[in-house]
Amino acid sequence: MNPFVMQYRKLKCQLKYLASYVDLDPRGNQIVRRTNFRDCQKPVLLLHGFFSTRRVLEVLEHRLRREGYCVWSIHLGGTMDRFNTHRIDELARKVQGKVDRLYERHPGMGPLTIIGHSKGGLIGTYYVKRLGGDTRVKSLITLGTPHRGTRMAYLGCATLGWFSRSMWQLTPVSPFIKQLGVGAFPRHVRLVSIYSRDDVIARFPSSVLDVDGQPNVFNVELSGVPHGELLTRRCVWEVIRRELALSYADAPARASVAELKPPPLPVAALPAAASP
């Protein structure tokens, strides 16, 4: 077969796969506010990924509310005021402002946990590591987040890079990714990366954190979970549920402490050949 035809078909398949994980509903950020911040001892902030809206968080939000957590999200804006296409550092500053104002209005709120999917995990990481978010946050859980950058971003740069600067930030060689990886993560904040080798958006090992010498940093690998389903699969929820219980030193209403598994062990350092 003609190699150009093969490349075309491969690119077409990749675009189709990528399109299956974006949320283009213009009403996707129109949500009903249900959180009472005046009685919010276990707040959880959800951050969605690139070219998505807050609608993709509905299943996870429902599960968290059912367990008694004080759940909220932020309208991250972007192209046509939606779809989360702005720069990661700019969005992290937006998160910083929103969180600071919320705690000023409600000083009795408990310490914050952030759960970020894909690019949302990098927004949370930058906020905690570079913008002083560690003074508010006690744990950060990332789902399919390309902490090392992802090669799929090159495809995004070729198709969407003309209007989304964040696509360039997501490549493995970007200055943003390299600079964010410099230095240890704040020791008093628990950082957990949940990832799957079946995730073709944040391909292995892009979501694997460097745990060397960082006792508060963990990797949890789950099998058979595609990128978008990290927000909905039951097996992922069980890990999130356990992590929140450990973080708040209190088991969820439907589980006892004895039922919780021990914290995940750090994944061993990757061999040199596996590095992106």
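Computed from heavy atoms alone, side chains included, the values below leave out hydrogens, waters and symmetry copies. Remember, it's a predicted structure, so these values are computed and weren't measured experimentally.
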Using only atom types and a distance under 3.5 Å, with no angle test, would you say the side chain of Tyr248 pairs donor to acceptor with the backbone of Pro111? yes

Between Gln96 and Leu131, is there a donor-acceptor pair closer than 3.5 Å when you use the side chain of the first and the backbone of the second? yes

Do Trp168 and Pro175 have side chains that get closer than 4.5 Å, going by heavy atoms? no

Please determine whether a side-chain nitrogen of the Lys or Arg among Arg190 and Glu243 lies less than 4.0 Å from a carboxylate oxygen of the Asp or Glu. yes

Mind listing the closest non-hydrogen atom pair of Ala92 and Tyr126 along with its distance? CB-CD2, 3.5 Å

Which word best sums up how the rings of Tyr195 and Phe204 line up, parallel for under 30°, tilted for 30 to 60°, or perpendicular for over 60°? parallel

Are Thr232 and Glu229 close enough that some pair of their side-chain heavy atoms sits under 4.5 Å apart? yes

Would you check, one step at a time, whether the test side-chain contact (heavy atoms from CB on, under 4.5 Å) holds for Leu122 with Leu170? CA-CA 9 Å; Leu122 288 174; Leu170 291 167; 3.4 Å; yes

With side chains defined as the heavy atoms from C-beta onward, is the minimum distance between His147 and Ser193 less than 4.5 Å? yes

Do the side chain of Ser174 and the main chain of Ile177 share a donor and acceptor less than 3.5 angstrom apart? yes

Which atom of Ser207 lies closest to which atom of Gly144, heavy atoms considered: OG-C, 3.6 Å

Under 4.0 Å between a side-chain nitrogen and a carboxylate oxygen: does that hold for Glu90 and Lys94? no

Supply the atom-to-atom distance Ser139 OG to Leu246 CG, rounded to the nearest 0.5 angstrom. 9.5 Å

Begin with the C-alpha distance, continue with both residues' side-chain angles, and end with the deciding distance and a verdict on side-chain contact (heavy atoms from CB on, under 4.5 Å) for His48 and His117. CA-CA 5 Å; His48 59 82; His117 177 241; 5.7 Å; no

Any salt bridge linking Arg234 with Glu238? Criterion: basic side-chain nitrogen under 4.0 Å from a carboxylate oxygen. yes

Looking at Val208, is its backbone amide N or carbonyl O close enough to the side chain of Arg148 to form a donor-acceptor pair, meaning the two atoms are under 3.5 Å apart? yes

Tightest non-hydrogen contact, residues Ile194 and Val236, listed as CG2-CG1, 4.3 Å

Any donor and acceptor pair, going by atom type alone, linking the side chain of Asn216 with main-chain N or O of Val189 inside 3.5 Å? yes

As an exercise, state the distance from OG of Ser73 to CZ of Arg55, rounded to the nearest 0.5 Å. 13.5 Å

With the side chain counted from C-beta on, respond yes when Val128 and Phe185 share a heavy-atom pair under 4.5 Å apart, and no when they do not. yes

Between Val200 and Pro226, is there a side-chain heavy-atom distance shorter than 4.5 Å? no

Identify the heavy atoms of His86 and Leu91 that sit nearest to each other, and give their distance. O-CD1, 3.6 Å

From NE2 (His75) to NZ (Lys98), nearest 0.5 Å: 8.5 Å

Using only atom types and a distance under 3.5 Å, with no angle test, would you say the side chain of Thr171 pairs donor to acceptor with the backbone of Tyr154? no

Identify the two heavy atoms, one from Cys235 and one from Val225, that lie closest to each other, and give their separation to 0.1 Å. SG-CG2, 3.8 Å

Inspect the contact between Asp89 and Arg93 and indicate whether a charged nitrogen and a carboxylate oxygen are less than 4.0 angstrom apart. yes

Does Ser166 reach the main-chain N or O of Thr85 with its side chain, forming a donor-acceptor pair under 3.5 Å? yes

Min side-chain heavy-atom separation Leu76-Ile123 under 4.5 Å: yes

Please determine whether side-chain contact (heavy atoms from CB on, under 4.5 Å) holds for the pair Leu112 and Ile114, giving the CA-CA distance in whole Å, both sets of side-chain angles, and the decisive distance to 0.1 Å. CA-CA 7 Å; Leu112 182 64; Ile114 296 177; 4.0 Å; yes

Residues His227 and Ser118: side-chain donor-acceptor under 3.5 angstrom: yes

Should Leu102 and Trp72 count as side-chain neighbours, where that means a heavy-atom distance under 4.5 Å? yes

Apply side-chain contact (heavy atoms from CB on, under 4.5 Å) to residues Leu180 and Val182 and explain how you reach the verdict. CA-CA 6 Å; Leu180 187 58; Val182 174; over 6 Å; no

Do side-chain atoms of Ser206 reach the backbone of Thr150 as a donor and acceptor pair under 3.5 angstrom? no

Enter the distance from Tyr127:OH to Asp134:CG here, rounded to the nearest 0.5 Å. 8.5 Å

Among Val211, Leu140, Asp212, Asp210, exactly one meets side-chain contact (heavy atoms from CB on, under 4.5 Å) together with Val217. Which residue is that? Val211

For Arg233 against Arg63, the heavy-atom pair lying closest together: O-NH1, 3.7 Å

Just how far is it from atom CG of Leu191 to atom NZ of Lys129, taken to the nearest 0.5 Å? 9.0 Å

Do any N or O atoms from the side chain of Lys138 and from the backbone of Ser247 form a donor-acceptor pair under 3.5 angstrom? yes

What's the separation between atom CD in Glu67 and atom NE2 in His62, rounded to the nearest 0.5 Å? 10.0 Å

Test your reading of the model: is there a side-chain donor-acceptor pair from Tyr69 to the backbone of Glu61, 3.5 Å cut-off? no

Out of Thr113, Ile115, Leu231, which residue meets the side-chain contact (heavy atoms from CB on, under 4.5 Å) rule with Leu46? Ile115

Strictly below 4.0 Å, N to O, side chains only: are Asp100 and Arg136 in salt-bridge contact? yes

Does Leu45 reach the side chain of Leu47, with side-chain heavy atoms less than 4.5 Å apart? yes

